[in-house]
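Worksheet: the structure to be examined is printed underneath.
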Amino acid sequence: MKTTLTITAEVIEQLATVDSVMTDLLDKLEKIQFENDETDTLVSKLQDVISARQILIGQLVTDSQFEDRIYLQAQADKTTEFEHRAKKVLADREALLRGMRKGKRQTNLYKTIDSNR
């Protein structure tokens, strides 16, 4: 039978793995071209990893035996860092979409003007 200490150690190990995967996914999303089909897959994986991370952090927070406040604060800081990076990727993608839509509207306007000649 596993002890609480063993379970906590496993959760911490899993959390380290999840953090590494999340960092890799964010790195790829920051570097990948917007038009690349892999973007949707990366975003889906990122959502799965975020959910897994939330569950693991929840397990640590609800564990009455786990009292390492420094570790929990470090995890809170990582969460903030991940959030900022994800928001930056989102903002960049939204800006690209707006630019594409604007360009498409301008193209359609020019087509309309040309067809009226």
Side-chain angles (χ1 to χ4, degrees):
M1 183 168 190
K2 293 183 179 182
T3 65
T4 303
L5 188 58
T6 306
I7 293 170
T8 301
E10 288 176 5
V11 169
I12 290 172
E13 185 178 317
Q14 291 172 353
L15 195 54
T17 301
V18 164
D19 287 351
S20 176
V21 170
M22 189 177 298
T23 299
D24 291 343
L25 287 170
L26 286 168
D27 287 345
K28 288 178 183 176
L29 281 168
E30 289 169 345
K31 295 175 185 172
I32 197 167
Q33 293 295 318
F34 175 73
E35 301 84 11
N36 192 322
D37 293 335
E38 188 181 358
T39 302
D40 292 340
T41 304
L42 292 173
V43 169
S44 179
K45 287 179 182 178
L46 183 62
Q47 289 173 327
D48 293 342
V49 171
I50 289 170
S51 295
R53 189 171 195 281
Q54 287 175 328
I55 291 168
L56 292 169
I57 297 248
Q59 289 174 350
L60 287 178
V61 170
T62 59
D63 182 356
S64 61
Q65 301 293 317
F66 188 74
E67 297 178 349
D68 189 347
R69 289 196 170 281
I70 294 171
Y71 180 80
L72 290 176
Q73 184 58 51
Q75 290 306 311
D77 293 342
K78 276 187 186 180
T79 299
T80 302
E81 176 190 339
F82 288 143
E83 181 182 5
H84 288 302
R85 288 183 69 191
K87 283 183 179 180
K88 184 181 180 312
V89 168
L90 176 62
D92 291 346
R93 301 297 166 159
E94 287 175 339
L96 287 170
L97 277 173
R98 280 192 300 275
M100 287 174 56
R101 287 184 188 131
K102 181 180 178 185
K104 190 173 184 175
R105 280 194 309 270
Q106 287 175 339
T107 302
N108 289 338
L109 176 65
Y110 291 128
K111 285 180 183 177
T112 302
I113 292 170
D114 192 43
S115 70
N116 290 335
R117 287 184 179 180

- Sequence neighbours excluded, the answer for salt bridge (charged side-chain N to carboxylate O under 4.0 Å, His left out) partners of Glu13 is none

- Query: Out of curiosity, does Val11 fall in the hydrophobic cluster containing Ile70 (side-chain heavy atoms, cut-off under 4.5 Å, transitive links)?
  - Reply: no

- Scanning both residues in full, the closest heavy-atom pair of Leu29 with Leu46 reads CD1-CD2, 3.8 Å

- Between Tyr71 and Ile12 the two heavy atoms that sit nearest each other are OH-CG2, 3.6 Å

- Pairwise salt bridge (Lys or Arg N to Asp or Glu O under 4.0 Å) hits with a residue in residues 68-79, at least two apart: Asp19-Lys78

- Are Ile55 and Phe82 joined in one hydrophobic group, where the rule is that I, L, V, M, F, W and Y side chains link up if heavy atoms are under 4.5 Å apart? no

- Task: Any chance you could measure Leu26, atom CG, to His84, atom NE2, to the nearest 0.5 Å?
- Result: 12.5 Å

- Message: As an exercise, state the distance from CG of Leu56 to CG of Leu15, rounded to the nearest 0.5 Å.
- Response: 5.5 Å

- Reported CG-to-CG distance for the pair Leu42 and Asp24, which is rounded to 0.5 angstrom: 10.5 Å

- Is there side-chain contact between Phe66 and Leu72, with heavy atoms separated by less than 4.5 Å? yes

- Would you say Thr79's side chain and Gln75's backbone share a donor-acceptor pair under 3.5 angstrom? yes

- ILVMFWY cluster, Val49 and Leu90 together (side-chain gap under 4.5 Å): no

- Task: For Arg85 and Thr23, test the side chains for any donor-to-acceptor distance below 3.5 angstrom and give the result as yes or no.
- Result: no

- Less than 4.5 Å apart, any side-chain heavy atom of Met22 and any of Leu25? no

- Lys87 NZ to Glu94 CD distance, which is reported to the nearest 0.5 Å: 11.5 Å

- Contacts of Lys88 that satisfy salt bridge (charged side-chain N to carboxylate O under 4.0 Å, His left out) - sequence neighbours left out: Asp92

